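Just so we're clear, the structure is a prediction, and the values are computed from it rather than from any experiment. Quick note on labels: first sequence line is chain A, next is B, and so on, each numbered from 1. What you see below is based on every heavy atom in this structure, not just the backbone, and it leaves out hydrogens, waters and symmetry mates.
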Number of protein chains: 2
Amino acid sequence: MDLDHLRELGQQLRVDAVRAADAAGSGHPTSSMSAADLMAVLLARHLHYDFDRPDHPGNDHLVFSKGHASPLLYALFKAAGAIGDDELLTFRRHGSRLEGHPTPRLPWVDVATGSLGQGLPVGVGLALAGKRLDRLPYRTWVLCGDSELAEGSMWEAFEYAGHEGLDNLTAIVDVNRLGQRGPTRHEWDLDAYARRIRAFGWHTVEIDGHDPAAVEAAYAEAKATPHRPTAVIARTLKGQGVDAVEDREGAHGKPLPDAAEAIAELGGQRALRVDVQPPPEVRESERPLADLRLPRYEPGEEVATRDAYGRALAALGTARGDVVALDGEVSDSTRAKFFAQEHPDRFIECYIAEQQLVAAAVGVRARGWVPYVSTFGAFLTRAHDFLRMAAVSGAGLRVAGSHAGVAIGPDGPSQMALEDLAMLRAVHGSTVLYPCDPNQTGRLVSAMCDRPGISYLRTSRDAYPGLYGPEEPFAIGGSKVLRSSGEDQVTLAAAGVTVHEALAAADRLAEEGIAARVIDLYSVKPVDAETLHEAARDTGRIVTVEDHRPEGGLGDAVLEAFADGRPVPRVARLAVRTMPDSATADEQLAAAGIDREAITAAARRLVASPG
Amino acid sequence: MDLDHLRELGQQLRVDAVRAADAAGSGHPTSSMSAADLMAVLLARHLHYDFDRPDHPGNDHLVFSKGHASPLLYALFKAAGAIGDDELLTFRRHGSRLEGHPTPRLPWVDVATGSLGQGLPVGVGLALAGKRLDRLPYRTWVLCGDSELAEGSMWEAFEYAGHEGLDNLTAIVDVNRLGQRGPTRHEWDLDAYARRIRAFGWHTVEIDGHDPAAVEAAYAEAKATPHRPTAVIARTLKGQGVDAVEDREGAHGKPLPDAAEAIAELGGQRALRVDVQPPPEVRESERPLADLRLPRYEPGEEVATRDAYGRALAALGTARGDVVALDGEVSDSTRAKFFAQEHPDRFIECYIAEQQLVAAAVGVRARGWVPYVSTFGAFLTRAHDFLRMAAVSGAGLRVAGSHAGVAIGPDGPSQMALEDLAMLRAVHGSTVLYPCDPNQTGRLVSAMCDRPGISYLRTSRDAYPGLYGPEEPFAIGGSKVLRSSGEDQVTLAAAGVTVHEALAAADRLAEEGIAARVIDLYSVKPVDAETLHEAARDTGRIVTVEDHRPEGGLGDAVLEAFADGRPVPRVARLAVRTMPDSATADEQLAAAGIDREAITAAARRLVASPG
C-alpha cells in the first residue's frame, strides 16, 4: 500500500470512527481521529496478525492503552475484514461486542483497557512473555495517549521495559495536546516526553503523526533498533480532518456535532480492505507437565503459611511448566524466593512497582502462562485498579498477599493487610482464600492453578502449629468443622490466625459448660454456605472473628450466606476496629479484640442473650 | 557545627539506631545507618524547626519517605532534644509513640510513611501548600530510598514538582544499593537516577553520602537553585560503619547481630545535642470565613448529584477560605470545575495521577487546609494505598468519586465505580455517603467539611428528579424514611440511584397490596442502625439494593447494624453480580437486576416466603 492509499485508509478509519460514535450517540471520535494515520500505517505495513486465528502464537499484539479510542480500534478491525460494517454500527449497544472501551469479548483484544495508564504496563508483560517465556518473535505495539503519561504506572512500565531491553515493544504516543478538560501538562512539547522516556533507556522518535511517510519510517526504525524498546512520539491534532472539532476544546468524548457534514469533509465513506501481513509460522513453546509433589507437614509442626506458599509454589513450578511467579522485590518475605531459586527462568522480579507487577501478570496470562503474583497484602492495594481491570479482562490471575493483619506484630499498620479481603472479595468473579495451616496452604496453592478469574491467597507472617495432615483435601468453597457436638450452643467462624484463637476459645468455653462449634472458613469467597446454614440451624448464634477491618471481610462473607431470605442467625462480629501501633503479635490480637479472650467473652455474651 | 562534629553526630545517630533496634528486637538499623550522615548535616545545618512548636507555620517539613528508617528519625529527635534516651529505647513497644514506621502520634511527624513511594508525593503536597496556599518560606525535605524509585507514584511526584518548579522541595535519595532481598535495579548507578530525575525538570547533585562536606554543599546548592526542585542523589553503604553488616546482603530489616560490638566499632555512645535553627517568624495566611449559601433546588428538579457536588463545593469555597479542591484532570466530569472557575487560586490540577492527587491532598491537609479530592470513583482504586495510609496518618480528607455504578450507561465497566463502597468502608475511621438528590448532596458536602478522617461522597452521572426541599436537614449517620405505614410488610433499603428505583417498586408493590417501607440510606457508613432496627422490628424483612458489587457495600452495611447479637431480619440482597457491557442506564439497571422490576420481584418473594 503506497502513501496515498495509507492516507485514504487513515480517512476511512476517521469516517468509520465518526459513524460508529454517531450511531451510538456517544464515544470518543476525536481521540480516534488523532491516531488514525498512526494506526493505518501500522495495520497496513507493520502488524503481523491472523484475524482468523487470534490465538496464533506468532501474532503481534496491539494494545490500545488509550482505550477510549475504541471507535478507531473497531474501524481497524473492519478494515482488516474481521468485522462487518453492520457490526461496526452496533458500537456501545447492549449485547454488542463493540463496547465503549475494548474488552476481550472481542477475540482480537488481549486485555480490557479504559482505565488510563494500564495498556503499556500490560504491553510490557506481553513483550516480556515474548522474550523470556515464549521466546517467539512477535512484537507488541501499544497506542498510548498523552494525558495518560501523567500516570505513574506508565513510568513503572518505561523503567521495566528500558531496563530489560525489550526491543520487541513499541509505544506509539498520540500527542494530541488536549485532555478531557483542556490542554495536557506538556501540550505539544514532544521533547518533554522524549527526554523523559529516553532517560529510562528507550529509543525515541519524534514525528508528525499525520505524515504516513514519517510514521512508516518511525516504525521501521523501531523494528531495527536492537536492545531497546522504542517510543514513537507523534504530534497529532485531536479531531483531525474536521474543522468543527479539530484541535478544539470541548470536543472530547462526544459524537461530532454534524456527522454527515464531517464525513463529507473527510471525503465520504470508503471501502478499503487491508490484507494484514500474516504472522510467521511458529510453534508454542513447550510447557511440560509432571506429577505434583507438594511438601508434606505433620500436624503440630509450626510452619508459617507464607513459607508453605513459597514451597508449594516451587513444587507446582516443577509439576507445571506453565507456572510463572512474579514478585515485587519482597520475595524474601513472601517466600516466592523458593520458586525463584528452583525456577529462575520462570521467575519475574518486578521490583517495588505493584502496578507493573500485576500488569506483567496480566500480559503473561494473555499468552497462556499461569502467573502467581506475590507481595505484602497491604501493598496489593497499590494495584487495586489493575486487579479490577484484570477482572474486566477475565484474566486468570493468582495473587498471594503476605503479612496479613495485626498478627505481623511490631512493624505497625503501614505493613498490615487489613483491607485486602474487602478489596479482593469485591473484585468480580474472584476467589478469596485464607489458610491457617501449611498442608492446607499447599492444597489451595494447587487448587488456584486452574481456577478462572482472580484467586487471592492471604498468608501470615508467623508460624502456628499445623492442624491438618498432608492427605486432607481442601476444596475451594469448602470449610472444615474443627469442633462439633450435638449440643453446640454457638458457632465460632474463623480463618487464618483466628482459627487458632477460636480453638483455644472453644476449650475455655467448654470449661464453662458452653459447647462451641469451630469452623475454619479458609474459603472466604465462595464461602461454604451449606455448613454455615447447618451451624445456624444447630446453634442459632455465630461469632465471626477476623484479623481484618470489620467491613468487607469474613464477617460480611458469613452474612452473605444468609442473603436469600432464609432465617438469619444472631451474630457477633469481632474484627480490627482500632488503629494498631507497634506491639508483639499476641499484644496486637488482644488489643484488637480478636484473641481467645475476646472470642470467649463474645460467645459467652451471645449465649446468655435472650433468644 | 564543624565537619568533625557532623561526623560525630552521624556516628551518634548510627549508634542510637542500633540501640533502638536492639532494644526492640526488630527494625531497620542498616537502612538507618546509610542515611545517618545525610540526616546529621540536615539537622545541624539546614533544617529550620521549633521542636517545642510543631505547629509553627514557619517550620520546615521533614518526611521520611523511606519510613522503615524510623530508628534514624527517632535518633534525630533525640539529638534535637525532642525525646529522651529512655523513650528512644521504647521503640516498637506497645503504647510507645516510636512505632515501627513513623506516624503522627509523634507531633513532629506530618504524615505516616512505611508504604514506599508515598513520602515524596506527600512532600510535593507540602511544598505546593508552601508556594501556592500558605505563601510561606518553609522548605520540605524528603528522605527517599533507592528501592522506592521503582514506584510509579515517585514519578508522578517528580513530574508534578518539576513542572510546578517547586524550588522549596529537596529530595534526598539514599542510594545504598541493597533492597529487601538483594541489589536494587540500578545499584550504585547514580547517573541512572540523576538522568531520569533531571528529565522531569529537577536539578540534581550526585555526592558521596558519607562525606559531610559534600552533603553540606549539596544542600546549600539545593537552597540556592531557583525555579527547580533539587534531588540530592547520595551514594551510601547500607549498614555503614559496622563491618558485620556494611554493604552485605541478608542484613535488611533486622537488629545487628552483636549490638555491643557494633556500638564499640562505631566509637561508643555519644551525647551530642543539636540546637536546631529556629523557623522564621511568620504568620499563618488568612483563611476568611463567611456564611455558607448552598444552591437551592426545588423537589422534582432534575439535577445530577455530580453537578450538585460541584456547585456546593464552589459555594463552600466562598464561605470558607480554607477549602481547597484537587482533581485528576476530569473536573469537567466530576464538576469540580465549578469550584475551579470561582476559586482558581485554591484549585489544584493534578492531571491523571490519582496517587499524587490524594498525596497532594494529604500534604495540603498537614498544613491545615481542608482538601476536597475528586475523580471518577472507579479511578480512586488507583489511590487505594494512599487512602489507606492517609487513615494511618489520621488525615482529614474529603473525597468525591463520580460516575457511580452501572447507571453511567454506555461507557462500560472500566469507567464504573462498582467496588468503591467496599474500598472506602474498609478504610479505618471513614465516612461513606451516597446521595440521591441535589439538596441532600449540598448538605453532605457541607457536613463533610469538619468531619475527622476520610469522608467519601459517591456521585452519579445522570440527573434524577430531586426528592427533598432545600431546608431538609441531613445528618451524617442518618437516613430518610421516604415511605412508611403501620402495615409495612417489607423494607426497601437503597441509596443513590436505587432510591428512585425503590420508590417506583414501592408503588408497584402497593398496587399488589404489599406495603413497603422505603429507606434512603444516604449515609452508608456510619449507617443509621436505629432506623434499620425499627424497620426490622416492624417488617421483619429487608431488601437491600445497590449499584455496586454484592460485597462490601450497602447490603453489608445494613447487616453490620445487626452484628451485636440482636435478632436479624430476613434479607434479600440485590447488587451488580454481572460484568456489564455497554448499554443505556436503564438497560444497565435492568441487566444487573437492580431496577424497579427486580426490587418488586425480590420484595414479593420475600413477603411470600415462610416466616
Side-chain angles (χ1 to χ4, degrees), chain A residues 26 92 94 99-101 114-116 147-148 150-153 155-156 163 179-181 185 195-196 199-200 329-332 351-353 355 381-382 384-385 388 392 410-415 419 422 425-426 428 549 551-552 556 559 563 565 568 570-573 579 581-583 587 606 609, chain B residues 26 92 94 99-101 114-116 147-148 150-153 155-156 163 179-181 185 195-196 199-200 329-332 351-353 355 381-382 384-385 388 392 410-415 419 422 425-426 428 549 551-552 556 559 563 565 568 570-573 579 581-583 587 606 609:
Chain A
S26 68
R92 286 177 166 242
H94 191 31
E99 300 188 53
H101 297 77
S115 179
L116 291 173
S147 277
E148 69 176 330
E151 285 284 13
S153 55
W155 299 96
E156 295 182 10
H163 195 251
Q180 188 260 16
R181 44 123 289 279
R185 185 181 262 137
R195 239 182 355 258
R196 288 160 173 73
F200 282 80
E329 219 210 294
V330 286
S331 59
D332 192 45
Y351 297 95
I352 305 184
Q355 299 182 89
T381 53
R382 209 65 168 251
H384 189 169
D385 197 29
R388 178 182 80 85
V392 179
D411 268 336
S414 64
Q415 318 295 302
E419 302 84 4
R425 279 183 69 240
H428 181 66
R549 294 292 177 203
E551 299 86 6
D556 283 353
L559 269 293
V568 189
R570 285 164 184 256
V571 287
R573 294 207 211 175
M579 181 55 77
D581 64 0
S582 290
E587 287 169 343
L606 201 55
S609 76
Chain B
S26 68
R92 286 178 167 241
H94 191 30
E99 300 190 51
H101 297 77
S115 179
L116 290 173
S147 277
E148 69 176 328
E151 286 285 12
S153 56
W155 299 96
E156 294 181 10
H163 195 252
Q180 187 258 17
R181 44 122 290 280
R185 185 181 261 136
R195 239 182 355 257
R196 287 160 172 74
F200 282 80
E329 218 210 295
V330 285
S331 59
D332 191 44
Y351 296 94
I352 305 184
Q355 299 183 89
T381 53
R382 209 65 167 251
H384 189 169
D385 197 27
R388 178 183 80 84
V392 179
D411 268 337
S414 64
Q415 318 295 303
E419 302 85 3
R425 278 183 69 240
H428 181 67
R549 293 292 176 203
E551 300 88 5
D556 283 352
L559 269 293
V568 189
R570 286 164 184 255
V571 287
R573 295 208 212 175
M579 181 56 76
D581 63 0
S582 290
E587 287 169 342
L606 202 55
S609 76

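At least one side-chain heavy atom of A/Asp411 sits less than 4.5 Å from a side-chain heavy atom of B/His101. Counting heavy atoms from C-beta outward, B/His94 and A/Asp581 have side chains that approach closer than 4.5 Å. Proximity of A/Arg185 to B/Ile352: side-chain heavy atoms (C-beta onward) are nowhere separated by under 4.5 Å.
Considering only residues two or more places apart in sequence or on other chains, A/Ser115 meets the side-chain contact (heavy atoms from CB on, under 4.5 Å) condition with A/Gln118, A/Asp385, A/Arg388, A/Met389, B/Phe379, B/Arg382. The salt bridge (Lys or Arg N to Asp or Glu O under 4.0 Å) test applied to A/Glu99 returns A/Arg105, not counting sequence neighbours.
For B/Leu606, the part sitting under 4.5 Å from any heavy atom of chain A is the side chain, from C-beta outward, and nothing else. Only the side chain of B/His163 comes within contact range of chain A, judged by heavy atoms closer than 4.5 Å. Heavy atoms of B/Arg181 lying under 4.5 Å from chain A belong to its backbone as well as its side chain.
Between chain B and the residues A/Ala572, A/Gly565, A/Gly179, the largest count of heavy-atom pairs under 4.5 Å involves A/Gly565. Of the listed residues (A/Glu419, A/Gln355, A/Glu329, A/Glu148), the greatest number of heavy-atom pairs within a distance under 4.5 Å of chain B belongs to A/Glu329. With chain B as the partner, the residue from A/Arg195, A/Arg425, A/Glu587 showing the most heavy-atom pairs under 4.5 Å is A/Arg425.
A donor-acceptor pair under 3.5 Å links the side-chain atoms of B/Arg196 to the main chain of A/Ala199, judged by distance alone. Between the A/Glu156 side chain and the B/Glu151 main chain, no donor and acceptor come within less than 3.5 Å of each other. For A/Gln415 (side chain) and B/Gly114 (main-chain N/O), a donor-acceptor pair under 3.5 Å exists by modelled atom type.
Atom NE2 in A/His428 sits 9.5 Å away from atom CD in B/Glu551 (nearest 0.5 Å). Distance CD/A/Gln180 to CG/B/Asp332: 4.5 Å, rounded to 0.5 Å.
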